[in-house]
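Taking it in order: structure first as structure tokens, then the write-up.
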Amino acid sequence: MKREGNIWVLGGDLRQEKLAALLSEDGHCVHTYALDQAAPCGGIITETALEGLHRADCVILPLPVAAKPGVLHTPLGDGERPLADIFSRLRPGQFLCGGMVGEETAELAGEYGLTVHDYFRREELAVANAVPTAEGAVQIALEELAVTLHGARALVLGYGRVGKLTAHRLAALGARVTVAARSYEALAWAEAYGHEAQQLTDLAGYLCGYDLVVNTIPRRVLTRALLEELKESCLVIDLASKPGGVDFQGAAELGVRCVWALSLPGKVAPVTAASALRDTIYNMLREYS
């Protein structure tokens, strides 16, 4: 990407606030919009209107782009900002990116001749975000469990990016980790790293001994029937994106302690998350140019 680019950061949470600061430190002219509650930062232009948006070299929408259909996600902003108002200010050919771009958002952008490039689908960002997600899960476990992780029995459901890093960190703290996954390849890797391995479809009858269960699979895997097997002191942490992997209503009715830990990178390590986001956007811009 060329130096001293004109970049607009629109909406979002602490990640976008820190991202704007990092981009400014890199020498870009940075404008923020709908980040009204963000801490003041020298060199960043806080915009209350969108008049200059059409001159931007890069427009960065938040993760997720929309809080609800057609409305920009603005947890640090005051009031609603319709996406149509933003898209109508842009010109075809401008580089526009965002995270978790839904079908409705993509269609709306297309009506204005725009394409929203989804940085959340980039593998380098997914890998980078897995680190603070795994560390955040450990933090929650340390805060919520009445026993030490050292010696605790922990079950990790799924062995993708987040599952691998979470299992590794739990084991490094002395937990006895079992990994449950569907693929034989994933189970072989889990065993190669010193974990116990179990087929995801064979959990029934084997859950009563765990102190901690961490789910990373974004579909219902912990049904009410399985939750009934957990001992009273067991903690369940769901790291999966919506709709999650736990029967939350069943957990509440059974009194199972369950933490649905969404968007952990932005909560536990916003600067690290912003740095990963910046690097990913730079990669996208190099490919786009």
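Remark: the backbone N or O of G266 is not paired with any side-chain donor or acceptor of S263 at under 3.5 angstrom. Although no hydrogens or angles enter the test, the distance criterion places a donor-acceptor pair under 3.5 Å between the side chain of T216 and the main chain of L157. No donor-acceptor pair under 3.5 Å is formed between the side chain of Q94 and the backbone N or O of V59. Looking only at distances, a side-chain donor or acceptor of D238 sits under 3.5 Å from a matching main-chain atom of G245. The closest donor-acceptor contact from the side chain of T133 to the backbone of N129 lies under 3.5 Å. Between the side chain of D26 and the backbone N or O of H28, no donor-acceptor pair lies under 3.5 Å. Using modelled atom types, no side-chain atom of W189 and backbone atom of K164 make a donor-acceptor pair closer than 3.5 Å. Side chain of Q198 to backbone of D202: a donor-acceptor contact under 3.5 angstrom is found. Without hydrogens or angle criteria, T166 side chain to G163 main chain gives no donor-acceptor distance under 3.5 Å. Here the side chain of R15 pairs no donor or acceptor atom with the backbone of P270 at under 3.5 angstrom.
Contact record, E144 with L235: CB-CD2, 3.6 Å, taken as the closest heavy-atom pair. Contact detail for T105 and A66: the closest heavy-atom pair is OG1-CB, 4.0 Å. The two residues L212 and C234 come nearest to each other via the heavy atoms N-SG, 4.0 Å. Smallest separation of non-hydrogen atoms from L125 and Y119: CD2-O, 3.3 Å. Contact between P132 and V268 at its shortest, heavy atoms only, is O-CG2, 3.5 Å. Nearest heavy atom pair, residue R182 against residue L200, reads CG-CD2, 3.9 Å.
In this structure, E287 places its CD atom where more than 12 heavy-atom neighbours from other residues, nucleotides or ligands lie under 6.0 Å away. Heavy-atom contacts from other residues, nucleotides or ligands closer than 6.0 Å to NE2 of H117 number more than 12. Heavy atoms of other residues, nucleotides or ligands lying less than 6.0 angstrom from CD of Q249 number 12 at most. Atom CD of E232 has 12 or fewer neighbouring heavy atoms from other residues, nucleotides or ligands inside a 6.0 Å radius.
Put simply, the side chain of V65 does not reach to within 4.5 Å of the side chain of M100, judged on heavy atoms. Between T272 and V131 there is no side-chain heavy-atom pair separated by less than 4.5 Å. Counting heavy atoms from C-beta on, the side chains of L96 and L61 come closer than 4.5 Å. Using a 4.5 Å heavy-atom threshold, the side chains of P82 and L72 count as separate. I45 has its side chain out of reach of T32: every pair of non-hydrogen atoms, C-beta onward, lies at least 4.5 Å apart. Using a 4.5 Å cut-off on side-chain heavy atoms (C-beta onward), R224 and E253 make contact. Side-chain atoms of D279 and E124, non-hydrogen and from C-beta on, never get closer than 4.5 Å to each other. Between Y33 and V9, every side-chain heavy-atom pair lies at or beyond the 4.5 Å cut-off.
Cluster annotation: L239 and L173 are assigned to the same hydrophobic cluster (Ile/Leu/Val/Met/Phe/Trp/Tyr, side-chain heavy-atom contacts under 4.5 Å, transitive). Y210 and L254 fall within the same hydrophobic cluster, where Ile, Leu, Val, Met, Phe, Trp and Tyr residues are linked whenever their side-chain heavy atoms come under 4.5 Å apart, directly or through other members. Hydrophobic cluster membership is shared by I7 and F95, with clusters built from Ile, Leu, Val, Met, Phe, Trp and Tyr side chains linked at under 4.5 angstrom. Residues V101 and Y112 are members of one and the same hydrophobic cluster, defined by side-chain heavy-atom contacts under 4.5 angstrom among Ile, Leu, Val, Met, Phe, Trp and Tyr.
Pairs engaging residues 104-118 under the salt bridge (charged side-chain N to carboxylate O under 4.0 Å, His left out) rule: D118-R121 [sequence neighbours left out].
The pair E196-R176 does not meet the salt-bridge criterion, since no charged nitrogen lies less than 4.0 angstrom from a carboxylate oxygen. A salt bridge does not link K267 with D13: every distance from a Lys NZ or Arg NE/NH1/NH2 to an Asp or Glu carboxylate oxygen is 4.0 Å or more. Salt bridge absent: R257 and D211 never bring a charged side-chain N and a carboxylate O closer than 4.0 Å.
Ring geometry for H195 versus Y159: interplanar angle over 60°, hence perpendicular rather than tilted (30 to 60°).
Here the straight-line distance linking atom CH2 of W8 with atom SG of C58 works out to 13.0 Å at 0.5 Å rounding.
Residues E135 and Q139 bring no donor and acceptor atom of their side chains to less than 3.5 Å of each other. Donor-acceptor pairing under 3.5 Å is recorded for the side chains of H31 and N6.
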